[in-house]
Asks: 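Take this structure first; my questions come after.
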2 protein chains.
Amino acid sequence: MTRRSYDQFCGLARALDLVGERWTLLLVRDLSVGPQRYSDLLAGLPGIGSGLLAERLKQLEADGIVRKAHLPPPAAVSVYELTEEGHELALAMLPLAVWGARRIGDRDGRLFRADWLMLTLRSRFRPDRAEGVRDTYELHVDGEVVHVRVHDGRIEGQRGPAPAPADVTIRTDPETLLALGVGTLALDEVLGDRRLSVEGSDEALARCLAVLGS
Amino acid sequence: MTRRSYDQFCGLARALDLVGERWTLLLVRDLSVGPQRYSDLLAGLPGIGSGLLAERLKQLEADGIVRKAHLPPPAAVSVYELTEEGHELALAMLPLAVWGARRIGDRDGRLFRADWLMLTLRSRFRPDRAEGVRDTYELHVDGEVVHVRVHDGRIEGQRGPAPAPADVTIRTDPETLLALGVGTLALDEVLGDRRLSVEGSDEALARCLAVLGS
DNA sequence: CGGAATCCTCTTCGATACTG
DNA sequence: CAGTATCGAAGAGGATTCCG
């Protein structure tokens, strides 16, 4: 059970030794939005197979990238979550995700989950424009809801609807949102379009645009 | 010969479909320093196996990341080089390389090549401090020589010694240089140290430090 | 039912040998 | 030198079983 290694004194080779195997980075992606249970991870990655998921999680745990946490009763379930190192990794793989998003082509029947867009959304975040902003933006895409909270110059995504009424609510489709995320489409180009609809005060919308770099 | 795909409408999954297989990103790394012949690539990646190298190159070529070029006579050899897309990829994988470099531990007998440090070196480059700088820095590490040229606010690495006398020449060992590259060690900490020696005018050295973010 | 370990088949990898 | 061909070994995928 000794893991294969490139055995090179090189940062990239080392990173690939740790997280270069099949499924590993996608696991980190899914956990980067928030803790997940084993069965949620399994369901969220069609094709992985239970044994492989268990093995990958064990590796990530051994490497200090993922940690198992137990939610207090009455929930009393155990979840997997990223460690601090894991969150640094999630940040480091962002440019790769953006590179891929620019070459993604048409949807073409591929699986889609709204929380994957957290990645591209995070990549457009401009901390320098977020000073003093404390907003919640809700996103409806393809029947799913996610929201992001901006506060203290940071951005944080979550699955599901916002706990309190959102400052801005955006409804759109995966293709449009992805194009916005990678910058091949500007938000003003689709504002009056049927591909996208927006709710919220003009002020909040202006902040949203600024913070997300449009 | 149909390639396996995650089949997800997600930038990261798409990137991994394209370059997530074993050896692929290391190939891109090696080509990011300059064109290479088939046999050089093979020799530079111990363990890859000739068949796999040929297949990966074919895939990368089909995806527009790598291109085959024929050098004019009398050299008359064919080499592989990155396309524009390939160079964008090389840039996008940099943060991952830095993340890995911070977790690389001790050398411990692992293979090392000086040109791999081009990656971490590039990651420390500060274009904003490079205005008007037109320098060449030569690096001697572990018996190998590489050099970087800074001009027009850009940085470019090459294997081998600098064509003209370098403005700054640095001699050090892999561990020290990697630590400098990821920022766990500051250059002034080792300047008077036996781990590192420097040649060049004080002015050139000051520019070198500024441009490489020390 | 969540969280795996096991078994079996198929694909991919790694190493060497071979060819234009 | 630039690749193909071949083949045993390792890894992946899917279903089933086990355990609390």
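Labels below follow one simple rule: chain letters A, B, ... track the order of the sequence lines, proteins then strands, and each chain is numbered from 1.
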Asks: A:E55 has an atom CD; how far is it from atom C1' of D:dA10, in whole Å?
Replies: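 Nearest whole value for this atom pair: 12 Å.
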Asks: In whole angstrom, give the distance that lies between atom CZ of A:R56 and atom C1' of C:dA5.
Replies: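 Result: 16 Å.
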Asks: Do NZ/NE/NH1/NH2 and the carboxylate oxygens of B:R107 and B:D142 come within less than 4.0 Å?
Replies: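 Here B:R107 pairs with B:D142 in a salt bridge, since their nearest N and O are under 4.0 Å apart.
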Asks: Let's see if you can work this out: which of C:dC13, C:dG3, D:dA2 has an atom nearest to the side-chain heavy atoms of A:R37?
Replies: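 Of C:dC13, C:dG3, D:dA2, C:dG3 is nearest to the side chain of A:R37.
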Asks: Below the 4.0 Å mark, does C:dG14 have OP1 or OP2 next to a side-chain nitrogen or oxygen of A:R4?
Replies: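 For C:dG14, OP1 or OP2 has a side-chain N or O of A:R4 closer than 4.0 Å.
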Asks: For the pair made of CG in B:L52 and P in C:dG14, what is the distance, rounded to whole Å?
Replies: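 In whole Å, C:dG14 P and B:L52 CG are 6 Å from each other.
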Asks: Per the ring pair (Phe, Tyr, Trp, His ring centres under 6.0 Å) rule, what does the pair list look like for residues 90-111 of chain B, sequence neighbours excluded?
Replies: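 Found none.
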Asks: Flag the pair A:D115 and A:R113 as a salt bridge only when some basic side-chain nitrogen lies within less than 4.0 angstrom of an acidic carboxylate oxygen.
Replies: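 Answer for the salt bridge query: yes.
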Asks: Has B:R103 got a side-chain atom pairing as donor or acceptor with A:R14's backbone, closer than 3.5 angstrom?
Replies: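 No, the answer is negative, given that no donor and acceptor are paired below the 3.5 Å cut-off.
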Asks: Nearest to the side chain of A:K58, which nucleotide is it out of C:dA4, C:dA5, D:dA12?
Replies: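 For A:K58, the side-chain atoms sit closest to C:dA5.
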Asks: Tell me: CG of B:L57 to C1' of D:dA2, nearest whole Å?
Replies: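 To the nearest whole Å, that distance equals 11 Å.
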Asks: According to a strict under-4.0 Å criterion, is A:Y38 in side-chain N/O contact with OP1 or OP2 of C:dA5?
Replies: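 For A:Y38, the contact criterion (side-chain N or O under 4.0 Å from OP1 or OP2 of C:dA5) is not met.
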Asks: Mind calculating the distance between CG (B:D7) and P (D:dG13) to the nearest angstrom?
Replies: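 Rounding to the nearest Å, CG of B:D7 and P of D:dG13 are 13 Å apart.
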Asks: Check side-chain hydrogen bond (donor to acceptor under 3.5 Å, both in side chains) between B:Y6 and all other residues, then give those that pass, not counting sequence neighbours.
Replies: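 Checked B:Y6 against side-chain hydrogen bond (donor to acceptor under 3.5 Å, both in side chains); zero matches.
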Asks: Taking only residues two or more places apart in sequence or in another chain, which ones pass ring-ring contact (aromatic ring centres under 6.0 Å, His included) with B:Y80?
Replies: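 For B:Y80 there are no ring-ring contact (aromatic ring centres under 6.0 Å, His included) partners, ignoring immediate neighbours.
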Asks: Please find the pair of heavy atoms, one from B:E85 and one from B:D63, that lie closest to each other, and give the distance.
Replies: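 Heavy atoms only, the tightest pair is OE1-O, 4.4 Å.
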Asks: Answer yes when A:R159 and A:D40 have at least one side-chain N-carboxylate O distance shorter than 4.0 Å, and no when they do not.
Replies: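 Not counted as a salt bridge, because no side-chain N and carboxylate O are separated by less than 4.0 Å.
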Asks: To the nearest Å, give me how far apart CG (A:L41) and P (C:dA4) are.
Replies: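 In whole Å, C:dA4 P and A:L41 CG are 11 Å from each other.
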Asks: Looking at A:E21 and A:Q59, what are the two nearest heavy atoms and their distance?
Replies: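 Closest approach of A:E21 to A:Q59: OE1-NE2, 3.3 Å.
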Asks: What nucleotide among D:dC1, C:dG14, D:dG3 has an atom nearest to a side-chain atom of B:K68?
Replies: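 Nearest to the side-chain atoms of B:K68, counting from C-beta on, is D:dG3.
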Asks: Return a single string for nucleotides 15-20 of chain D, one symbol per nucleotide in 5' to 3' order, where B is base contact, S is sugar-phosphate-only contact and - is none, cutoff 4.0 angstrom on heavy atoms.
Replies: ------
Asks: How does DNA chain D look in dot-bracket notation if pairs are Watson-Crick or G-U with both distances under 3.5 Å, crossing ones as [ ], other-strand ones as |?
Replies: .|||||||||||||||||||
Asks: By a strict heavy-atom criterion of less than 4.0 Å, which residues belonging to residues 11-32 of chain A are in contact with DNA chain C?
Replies: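 Heavy-atom contacts with DNA chain C come from no residue of residues 11-32 of chain A; none.
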Asks: Could you go through B:Y38 and B:S78, starting from their C-alpha distance and side-chain angles, then the distance that decides it, and tell me whether this counts as side chain to side chain donor-acceptor pair (under 3.5 Å)?
Replies: CA-CA 8 Å; B:Y38 183 90; B:S78 68; over 6 Å; no
Asks: From C:dG14, C:dG2, D:dA2, pick the nucleotide closest to the side chain of B:S39?
Replies: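 Of the candidates, D:dA2 comes closest.
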Asks: Checking the side chain of A:S123 only, and the main-chain atoms of A:L94 only, is there a donor and an acceptor separated by less than 3.5 Å?
Replies: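 Looks like no, no N/O pair under 3.5 Å.
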Asks: What heavy-atom pair brings A:G49 and A:L42 nearest, and what distance separates the two atoms?
Replies: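 Answer, listing the atom of A:G49 first, then A:L42: C-CD1, 4.1 Å.
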Asks: Can you tell me the distance, in whole Å, between the CD1 atom of B:I48 and the P atom of D:dA2?
Replies: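 Rounded to whole Å, this separation is 15 Å.
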Asks: Roughly, in whole Å, what's the span from CG in A:D40 to C1' in C:dG3?
Replies: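 The distance from CG of A:D40 to C1' of C:dG3 comes to 12 Å, rounded to the nearest Å.
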